Amino acid sequence: MSSEQIAEALREAATELGADDIRFRLDRPKDARHGDLASNVALTLSSRLRRPPRDIAEEIKTRLESVAGVDRVEVAGPGFLNVFLEGAAAGEVLRRIRVLGGRYGRNDAGAERRVMVEFVSANPTGPLHLGHGRQAALGDAIATLLEWSGWQVHREFYFNDAGGQIARLAQSVRARYRQQLGHDEAIPDGGYHGDYVSEIARALIDEAGNRYENDSSEAALEAMRGHAVRLLRREQEVDLAAFGVHFDEYYPESRLYSDGCVARTVRDLDGTGLTYRKDGADWLRTSEFGDQKDRVMVKRDGSPTYFLPDVAYHVTKWERDFTEVINVQGSDHHSTVDRVRAGLQALGLPAGYPEYLLHQMVTVEKGGEEVKFSKRAGSYTTLAELVAEVGADVARYFFLMRRPEAHLTFDLDLALDQSDKNPVYKVKYAHARVCRLFELARKRGWAEVPPDADIALLDAPMERELINQLREFPAFLRRAATGRAPHVICDYLEKTAGLVNSWYQAGHPTRSPEQAALVDDEALRNARLTLADAARIVLRNGLQVLGIEAPERMVRDE
RNA sequence: GCGCCCGUAGCUCAGCUGGAUAGAGCAUCGGCCUUCUAAGCCGAGGGUCCCAGGUUCGAGUCCUGGCGGGCGUACCA
């Protein structure tokens with residue numbers, strides 16, 4: 001019995017009553033007394049059909065009761081339909097989960113269409129910080145959620161390897177370089193002060209000696225720029241790999257210039273008649289498309305603003321045939337959203353392209369105090385330092401467990417805790433505990449659990465609740481994907497892990513051995529192990545979506 | 001000033017297209033170990049859902065106006 005079958009019956013009933021294309025909820029009620037599944041369909045139909053919701057509910061009830069597997073239906077409260085399933089029908093989902101295994105939870109909503117998720121996109125001016133970490137976790141999880149929803153996903157990292165910030169980095173490297181060769185030299189205003197700049201300078205001495213000691217030419221600065229960008233890009237990739245995040249493509253801003261894309265974009269924008277010259281600069285009428293004000297494309301000194309390559313870059317996304325694009329960015333960039341979209345609309349791209357997911361920033365707390373434990377970066381905490389401290393899985397989970405648009409306080413005390421208080425460990429332990437059951441079953445020489453165990457034997461309320469929870473995984477996954485909201489999966493996994501732990505504990509050998517999974521009664525044992533196996537699959541699939549390992553046994557760090 | 005985001009238990013936060021008695025974790029308090037690993041489980045207390053109006057059968061959720069916090073508001077990126 002899947003909820004889809006019930007949903008279909010509800011839709012048919014609505015059609016008979018004269019309402020097509022309806023929206024309603026069909027989910028697991030919070031209170032088990034409200035059945036295995038509950039729907040508000042009669043309430044939503046009420047205003048449309050101009051009839052009291054309870055009358056509508058009564059009619060639908062009669063229809064639902066004839067559906068195979070439905071034990072009984074109750075009309076409750078203002079007109080809710082509470083569906084109680086027969087034991088075997090309720091547990092049927094366990095069989096399906098075991099058949100689908102690692103595919104349980106997937107859907108084909110994306111129909112194999114292409115989508116690009118652009119995320120991290122850190123400039124190579126320093127090591128990745130915690131905001132990048134949150135973004136890496138978010139972007140990767142959203143990408144995976146979309147893959148599970150049937151999309152072909154392209155993960156892309158855009159980086160700015162030219163322009164003012166990079167020039168300041170190169171100047172900072174030159175200052176450190178000359179310092180290390182004994183000169184009195186100051187970091188320029190707006191330059192970079194972190195220790196890593198000195199490391200880059202040292203590496204340059206190792207590589208090129210004092211070749212640039214008294215060379216103030218553009219070519220020398222260009223060499224330092226290239227050197228610094230190379231090292232920092234490599235470091236970022238190493239950090240991302242340690243975090244378990246991999247990209248399909250790294251797209252450098254410089255390519256937009258070298259292949260003429262920026263120049264072409266300028267021509268195309270000029271061709272729209274929406275550009276004009278004012279105060280010696282070239283402007284675009286972005287205010288025609290909802291931007292707060294018009295924007296400068298080319299500065300008085302003849303150089304482009306960031307706006308121009310940004311528009312050009314998004315044009316390449318469109319031309320590369322990505323009509324669906326999600327940009328994951330920090331909310332400190334939200335001012336660019338309207339102007340980039342406006343620039344693209346001027347060129348005839350659809351309004352609302354691309355989609356943006358803006359996330360809030362991250363702070364770390366230990367003992368209730370904010371900490372900034374960076375040694376290398378100077379003013380901020382790096383992702384690498386955090387991962388070294390708590391591990392990639394914990395960091396990922398903590399970055400994902402809050403809504404993107406909410407500020408994230410990273411509780412380092414909780415992150416370092418290895419008990420079930422730590423939500424990551426709670427979920428991992430639940431998975432490992434269940435795996436342990438199968439290990440013991442094998443040791444005792446019990447055969448593999450057959451696919452057709454008598455699931456109706458799972459009649460304890462706790463078991464029914466767990467079954468209903470496992471049934472909901474695909475719905476949560478769908479909701480997390482469409483809402484770009486991985487935290488929905490975190491909430492789901494914590495709830496599921498809690499139920500698994502309770503169920504496991506209920507079979508405690510000294511308290512109620514008759515409730516244990518590993519009982520001598522073969523039929524009962526197989527029924528319970530069927531539930532355990534389904535739970536194991538759901539926990540593992542959920543963790544996999546988040547990019548977190550599902551261990552078969554836990555090894556404690558001392 | 002203007003724009004976006006946030007305001008829910010002591011703390012950190014969930015709460016999907018408006019639905020039943022507003023939930024979870026942490027913290028606090030009280031129980032439970034000769035174990036399918038207690039790295040755990042069971043239970044309890046704890047709420048002006050920031051405030052004030054409005055919309056309706058029904059508002060934490062939608063609308064309007066305030067208050068408080070964050071981030072933006074460049075010929076920086």
Side-chain angles (χ1 to χ4, degrees), chain A residues 23-25 27 29-31 34 38 40 43-44 46-47 52-53 76-80 82 123 125 160 163-166 168 190 253 278-283 292-293 295-301 303-307 309-310 330-338 358-361 365 368 401-411 413-414 417-423 425-426 428-429 432-434 436-441 444 475-476 478-480 482-483 485 487-488 490-491 494-495 498 501-511 513 515-519 528 532 553-554 556:
Chain A
R23 311 174 79 169
F24 60 92
R25 291 172 60 159
D27 44 30
K30 282 175 282 192
D31 190 331
H34 295 151
N40 66 345
L43 294 160
T44 62
S46 174
S47 60
F80 288 101
N82 294 335
N123 287 341
T125 54
N160 180 315
Q165 294 303 321
I166 299 292
R168 270 188 277 281
E253 183 192 14
K278 193 181 87 179
D279 303 332
D282 292 328
W283 297 68
Q292 293 277 102
K293 48 171 284 196
R295 303 294 170 180
V296 171
M297 309 186 303
V298 182
K299 298 183 229 174
R300 206 176 320 177
D301 67 5
S303 64
T305 60
Y306 184 72
F307 170 65
D310 215 356
S331 63
D332 54 336
H333 286 79
H334 81 246
S335 64
T336 66
V337 174
D338 283 347
L358 301 180
H359 66 87
Q360 292 288 329
M361 290 299 134
E365 278 190 8
M401 69 184 181
R402 304 292 177 226
R403 291 153 62 224
E405 54 271 26
H407 173 86
L408 178 72
T409 304
F410 199 109
D411 183 342
D413 298 314
L414 185 60
D417 189 307
Q418 294 191 13
S419 75
D420 278 30
K421 285 178 190 169
N422 182 336
Y425 282 87
K426 175 174 177 172
K428 288 183 174 229
Y429 282 128
R433 278 186 192 107
V434 173
R436 179 75 173 153
L437 287 181
F438 289 93
E439 199 181 315
L440 283 167
R444 294 184 192 180
F476 273 80
R478 198 181 287 253
R479 190 178 355 134
T482 57
H487 76 277
V488 163
C490 295
D491 287 349
E494 281 173 58
K495 174 76 176 165
N501 285 339
S502 294
W503 174 75
Y504 177 91
Q505 189 65 24
H508 197 291
T510 58
R511 189 174 313 127
Q515 287 183 50
L518 299 179
V519 288
R528 287 175 180 167
R553 56 190 319 157
M554 299 295 286
R556 189 175 199 174

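A, B, ... follow the sequence lines: proteins, then strands. Residue 1 opens every chain. Any value given below was found using the heavy atoms of this structure, including those in side chains, with hydrogens, waters and symmetry copies removed. Here the structure is a predicted model, which means the values were calculated and not measured.
Nucleic acid contact for A/Thr336: base, since at least one base atom lies under 4.0 Å from a heavy atom of the residue. Across all strands, A/Asp27 comes closer than 4.0 Å to base atoms (heavy-atom distances). Note on A/Phe476: nothing from the nucleic acid sits closer than 4.0 angstrom, heavy atoms only. If you check every strand for non-hydrogen atoms under 4.0 Å, A/Leu414 touches nothing. Residue contacts shown for A/Ala281 include a base, since a base heavy atom lies under 4.0 Å away. At the heavy-atom level, A/Arg553 lies nowhere under 4.0 Å from the strands shown. Among the heavy atoms of the strands, none lies under 4.0 Å from A/Ala506. Among the atoms of the strands shown, only primed sugar atoms or phosphate atoms (P, OP1, OP2) are found under 4.0 Å from some heavy atom of A/Gln292. A/Asp420 comes within contact range of the sugar-phosphate backbone alone, with a heavy-atom separation under 4.0 Å but no base atom that close. Note on A/Asp279: a base of the nucleic acid sits closer than 4.0 angstrom, heavy atoms only.
Side-chain atoms of A/Asn82 come within donor-acceptor range of the base of B/A20, with a qualifying N/O pair under 3.5 Å. A donor-acceptor contact under 3.5 Å links the side chain of A/Tyr429 to the base of B/A39. Between the side chain of A/His333 and the base of B/G72, no donor-acceptor pair under 3.5 Å is found.
B/U21 atom C1' lies 9 Å from atom NE2 of A/His34, rounded to whole Å. If you take NE2 of A/His334 and P of B/C4, they are 8 Å apart, rounded to a whole angstrom. A straight line from NZ of A/Lys278 to C1' of B/A74 spans 13 Å, rounded to a whole angstrom. Residue A/Glu494 contributes atom CD, which lies 11 Å from atom C1' of B/C26 at whole-angstrom precision. Per the geometry, CZ belonging to A/Arg402 stands 10 Å off P belonging to B/U12, to the nearest Å. The CG atom of A/Asp332 sits 15 Å away from the C1' atom of B/G3 (whole-angstrom rounding). Taking atom CZ of residue A/Arg403 and atom P of nucleotide B/C13, one finds them 11 Å apart after rounding to whole Å. Spacing between atom CD of A/Gln505 and atom C1' of B/C41 amounts to 4 Å, rounded to whole angstrom units.
Residue A/Lys421 places at least one side-chain N or O closer than 4.0 Å to OP1 or OP2 of B/A27. Taking 4.0 angstrom as the limit, A/Lys299 places a side-chain polar atom (N or O) nearer than this to OP1 or OP2 of B/C76. Here A/Ser46 does not reach the OP1 or OP2 of B/C57: none of its side-chain N or O atoms lies under 4.0 Å away. Between A/Arg168 and B/A77 there is no side-chain polar atom (N or O) within less than 4.0 angstrom of OP1 or OP2. Taking 4.0 angstrom as the limit, A/Thr44 places none of its side-chain polar atoms (N or O) nearer than this to OP1 or OP2 of B/U17. Listed pair A/Asn501 / B/C41 meets the phosphate criterion, a side-chain N or O lying under 4.0 Å from OP1 or OP2.
One C1' atom belongs to B/A14, the other to B/C26, and the distance between them is 14 Å to the nearest Å. A gap of 8 Å separates the C1' atoms of B/A22 and B/G15, to the nearest Å. Straight-line distance between the P atoms of B/G45 and B/A24: roughly 12 Å, to the nearest whole Å. One P atom belongs to B/G47, the other to B/C11, and the distance between them is 13 Å to the nearest Å. A distance of about 47 Å separates the P atoms of B/A77 and B/A52, rounded to the whole Å. Separation of the C1' atoms belonging to B/C67 and B/A44 is 36 Å when rounded to the nearest angstrom. Going from the P atom of B/U64 to that of B/C6 covers 15 Å, rounded to whole Å. A gap of 26 Å separates the C1' atoms of B/U12 and B/G72, to the nearest Å.
Looking only at side-chain heavy atoms (C-beta outward), A/Arg553 and A/Glu439 come within less than 4.5 Å of each other. Side-chain contact between A/Arg444 and A/Leu518 is present, with at least one heavy-atom pair separated by less than 4.5 Å. Two residues are said to be in side-chain contact when any heavy atoms from C-beta on lie closer than 4.5 Å; A/Tyr504 and A/Leu437 meet this criterion. Using a 4.5 Å heavy-atom cutoff, the side chains of A/Met361 and A/Asp332 are in contact. You'll find the side chain of A/Lys299 reaches within 4.5 Å of the side chain of A/Thr305, heavy atoms only. A/Pro423 has its side chain within reach of A/Leu414: a pair of non-hydrogen atoms, C-beta onward, lies under 4.5 Å apart. Side-chain contact between A/His487 and A/Pro404 is present, with heavy atoms from C-beta onward closer than 4.5 Å.
In B/C33 the O4'-C1'-N dihedral to the base is within 90° of 0, which defines a syn nucleotide.
Here B/U21 is the nucleotide among B/A77, B/C41, B/U21 with the atom lying nearest to any side-chain atom of A/Asp31. You'll find that the side chain of A/Lys426 is closest to B/G25, out of B/A20, B/G25, B/A14. Here the nucleotide nearest the side chain of A/His487, chosen from B/G15, B/C42, B/U12, is B/G15. Out of B/A77, B/A20, B/A14, the shortest distance to the side chain of A/Ala38 is found at B/A20. Checking B/C75, B/A39, B/U12 against every side-chain atom of A/Thr305, the shortest atom distance belongs to B/C75. Side-chain atoms of A/Gln360 lie closest to B/G70 of the nucleotides B/C75, B/A20, B/G70. Listed nucleotides B/C76, B/U12, B/U17 differ in distance to A/Arg23; the shortest reach to its side chain belongs to B/U17.
Closest-nucleotide positions on RNA chain B for A/Leu437 and A/Phe307 were compared, and the one nearer the 5' end corresponds to A/Leu437. Toward the 5′ end of RNA chain B lies the nearest nucleotide of A/Asp491, the other residue of the pair A/Glu253 and A/Asp491 mapping further downstream.
The two residues A/Trp503 and A/Ala532 make their nearest non-hydrogen contact at CH2-CB, 3.9 Å. Between A/Leu43 and A/Pro78, the closest heavy-atom pair is CD2-O, 3.7 Å.
Pairing for B/U17 is absent, judged as Watson-Crick or G-U wobble with the two contacts each under 3.5 Å. Across all strands shown, B/G58 remains unpaired; no Watson-Crick or G-U wobble contact has both distances below 3.5 Å. With a cut-off of 3.5 Å on both Watson-Crick or G-U wobble distances, the partner of B/U28 is given as B/A44. Base-pair partner of B/G3: B/C71 (Watson-Crick or G-U wobble, both distances under 3.5 Å). Figure legend. B/A9 is base-paired to no nucleotide; pairs are counted as Watson-Crick or G-U wobble with both atom distances under 3.5 Å. Judged by Watson-Crick or G-U wobble contacts below 3.5 Å, the nucleotide B/U34 has no partner. Pairing for B/U64 is with B/A52, a Watson-Crick or G-U wobble pair whose two hydrogen-bonding atom distances lie under 3.5 Å.
Between A/Arg433 and A/Asp420 there is a salt bridge, with a side-chain nitrogen of the basic residue lying less than 4.0 Å from a carboxylate oxygen of the acidic one.
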